[in-house]
Amino acid sequence: MAQSGAVDIAEDLLAWYDVARRDLPWRAPPGQRADPYHVWLSEMMLQQTTVKAVAPYYRAFLARWPRIEDMARAPVEDVLAAWAGLGYYARARNMHKTARIVADELGGRFPRTAGELVKLPGIGPYTAAAIAAIAFDEPATVVDGNVERVVARLFAVRERLPGAKPKLRSLAETLTPRHRPGDFAQAMMDLGATICTPRTPACSRCPLRADCQGLAEGVAATLPLRAPKAERPQRRGAAFVARRPDDHVLLRRRPEKGLLGGMMEPPTTEWRTETRSETALLGEAPVAADWRRVLAPVTHTFTHFHLMLDVYTADVPADTPAPDACRWVAAGDLPEEALPSVMRKVLAAASESLVARG
DNA sequence: AAAGCGTGGAG
DNA sequence: TCTCCAAGCTT
């Protein structure tokens, strides 16, 4: 194998990027520097989230809040509602905090270095480096899952993640060029997303195949090695969909911190590992009513547990007061609410059952 | 520093 | 159906 230096590898990758780069909504045309607001917004959304899932949200956010001052002015509830369905909702809360800091305290301008960017809410080492490199041309080393995979294969690193992170980072640093660092970062991610994929990588089409130690040793597709994951426990609970005669349903705002923080839901019981009796579940209903259980429970899988929710529905009087942290919402306004996917499943199950009952 | 934190698509 | 996992951050 002709052993190329780091500079050659970076040059080969950039040459490939110039002809193979993906056209993504947040990318500036070739040769132009991207708008920091656009880069930041896209990077916040892209944390642990696929390009395909992000694209429509990115367009919607930019159309609704064209400048960071616009987002800063919006109530956080609006941002959460627009974010609903993307997951990891702390990202949206942190993003909004950063919007206000940048708009109100920094004159609408993002810090230009990774070292300053990382101090802002929701911006960690990866996002800070990505913004600094892409928007401000700082030769920061951008290390995400793609980069870890590409580097692990390129240098045949057999140490397991997450222990191997420091080694992978330092190897990535040796590759980062002072010229076009933003394009280099995006090239690494494009390579990881389209060629050096987690399963069945297309090594025959890889611009770095001549320098890939993992390929030479026949282990590329198996890297990087990962620690086995903990199994997900099952949790159970009930959700209560109360409906008024004027077609309003009762929603509750979840606590600011923790799972689905700040998001709306039809009131639910606690979610516990053990199964509880219907009587016990109904004891946590938000209002007294003739609750009827929907036939099929809603199931949903979160990052660290499976959830099964029994769904109860009830028709309640028009003058039923909304309990603490709750409010009545017209059925027609539900699409605009900050309802996470699992809670949209609950509402769909309730509404199907109402239809089925006629 | 290990664990908590979403979702939907691919295989 | 089920597992894996995607441009990570926070505490």
Side-chain angles (χ1 to χ4, degrees), chain A residues 22 24-27 34 38-58 80 83-95 97-98 117-135 140-150 161-163 165-166 169 172 182 184-194 196-201 221 224-235 254-263 265 271 299-307 338-345:
Chain A
R22 290 178 293 171
L24 302 175
W26 44 88
R27 280 191 176 165
H38 298 178
V39 177
W40 165 73
L41 177 58
S42 67
E43 292 299 343
M44 289 303 300
M45 291 182 167
L46 285 162
Q47 291 169 8
Q48 296 287 285
T49 309
T50 58
V51 164
K52 180 178 165 56
V54 164
Y57 283 86
Y58 175 81
L80 283 173
W83 192 277
L86 256 194
Y88 286 142
Y89 297 98
R91 289 184 296 169
R93 301 194 302 272
N94 285 328
M95 186 179 75
K97 285 181 194 162
T98 284
L117 286 161
V118 77
K119 298 175 184 172
L120 294 167
I123 299 182
Y126 160 76
T127 305
I131 297 171
I134 297 169
T141 297
V142 175
V143 184
D144 73 330
N146 288 302
V147 173
E148 287 180 343
R149 184 169 62 255
V150 169
L161 286 172
K165 279 176 180 289
R169 162 171 292 280
F184 176 77
Q186 295 180 89
M188 288 287 274
M189 295 190 277
D190 275 17
L191 188 71
T194 63
C196 197
T197 51
R199 281 173 291 204
T200 63
L225 272 33
R226 293 176 188 279
K229 311 201 160 151
E231 61 182 74
R232 287 190 270 242
Q234 178 76 231
R235 295 188 195 169
R254 294 177 59 87
E256 204 61 42
K257 299 193 169 207
L259 187 70
L260 308 177
M263 301 295 284
E265 64 177 3
W271 306 346
T299 61
H300 191 78
T301 298
F302 293 99
T303 308
H304 53 297
F305 65 95
H306 300 288
L307 177 65
L339 287 161
S341 293
V342 59
M343 298 307 165
R344 293 190 187 275
K345 284 190 198 176

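Side chains are part of it too, since the values below use all heavy atoms of this structure and drop only hydrogens, waters and symmetry mates. Just so we're on the same page: letters track the sequence lines, and every chain starts at 1. Just so we're clear, the structure is a prediction, and the values are computed from it rather than from any experiment.
Atom pair L86(A):CG and dG8(C):P shows a separation of 13 Å (rounding to whole Å applied). A straight line from CD of Q47(A) to P of dC5(C) spans 19 Å, rounded to a whole angstrom. Atom CZ in R93(A) sits about 12 Å away from atom P in dT10(C), given to the nearest Å. Taking atom OH of Y88(A) as the reference point, atom P of dC5(B) lies 10 Å away to the nearest angstrom. Atom-to-atom, CG of L191(A) to C1' of dA6(C) comes out at 16 Å; the value is rounded to the nearest Å. Distance CD (E148(A)) to C1' (dC5(C)): 13 Å, rounded to an integer number of Å. Protein atom CE of M44(A) is 16 Å distant from nucleotide atom C1' of dT7(B), rounded to whole Å. Note: CE (M263(A)) to C1' (dT7(B)) measures 12 Å, nearest angstrom.
Of the residues in residues 118-126 of chain A, none lies under 4.0 Å from DNA chain B by heavy-atom distance. Scanning residues 224-235 of chain A for heavy-atom distances under 4.0 Å to DNA chain C yields R226(A), K229(A).
Within the 4.0 angstrom heavy-atom criterion, base atoms lie near L24(A). Using a 4.0 Å heavy-atom cutoff across all strands shown, W83(A) reaches no nucleic acid atom at all. Residue V51(A) is in base contact, counting any heavy-atom pair closer than 4.0 Å across all strands shown.
Of the side-chain N and O atoms in T127(A), one or more sit less than 4.0 angstrom from OP1 or OP2 of dC9(C). For H304(A), no side-chain nitrogen or oxygen approaches OP1 or OP2 of dG4(B) to under 4.0 Å. Regarding contacts with the backbone of dG8(C), a side-chain N or O of Q48(A) is found under 4.0 angstrom from either OP1 or OP2. For dT7(B), one of the phosphate oxygens OP1 or OP2 lies less than 4.0 angstrom from a side-chain nitrogen or oxygen of Y89(A).
Between W40(A) and I123(A), the closest side-chain pair of non-hydrogen atoms falls below 4.5 Å. For the pair Y58(A)/L46(A), no side-chain contact is recorded, criterion being any heavy-atom separation below 4.5 Å from C-beta on. Using a 4.5 Å cut-off on side-chain heavy atoms (C-beta onward), L41(A) and M95(A) make contact. At least one side-chain heavy atom of R232(A) sits less than 4.5 Å from a side-chain heavy atom of T301(A). Looking at T49(A) and R91(A), their side chains come closer than 4.5 Å, going by heavy atoms from C-beta outward. Contact annotation: the side chain of D144(A) never approaches that of M188(A) to less than 4.5 Å [non-hydrogen atoms, C-beta and beyond]. A heavy-atom distance below 4.5 Å is found between the side chains of M45(A) and W83(A). You'll find the side chain of W26(A) stays beyond 4.5 Å of the side chain of E43(A), heavy atoms only.
Mapping K257(A) and L46(A) onto DNA chain C by nearest heavy atom places L46(A) at the nucleotide closer to the 5' end. Each of R149(A) and N94(A) has a nearest nucleotide on DNA chain C; the 5'-most of these lies closest to R149(A). The 5' end of DNA chain B is approached more closely, in terms of each residue's nearest nucleotide, by P162(A) than by the other of A90(A) and P162(A).
Here T127(A) pairs with Q47(A) under the side-chain hydrogen bond (donor to acceptor under 3.5 Å, both in side chains) rule; sequence neighbours left out. Shown here are the side chain to side chain contact (heavy atoms under 4.5 Å, CB included) partners of H300(A), two or more places apart in sequence or in another chain: F302(A), S341(A), V342(A), K345(A).
Residue P340(A) has its side chain nearest to dT7(B) when only dG8(C), dG6(B), dT7(B) are considered.
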Protein and nucleotides 8-11 of chain B: nitrogen or oxygen contacts under 3.5 angstrom:
unit_1, atom_1, unit_2, atom_2, d
dG8(B), OP1, S341(A), OG, 3.1

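Rounded to whole Å, the separation between the P atoms of dG8(B) and dC9(C) comes to 22 Å.
Separation of atoms CE (M263(A)) and CG (L80(A)) is listed at 5.5 Å; rounding is to 0.5 Å.
Within 3.5 Å, no donor on the side chain of T303(A) pairs with an acceptor on the base of dG4(B), nor the reverse.
Here salt bridge (charged side-chain N to carboxylate O under 4.0 Å, His left out) pairs that include residues 185-194 of chain A, with residues two or more places apart or in two chains, are R22(A)-D190(A), R27(A)-D190(A).
Within 6.0 Å of atom CD in E256(A), more than 12 heavy atoms from other residues, nucleotides or ligands are found, so the atom counts as buried in its surroundings.
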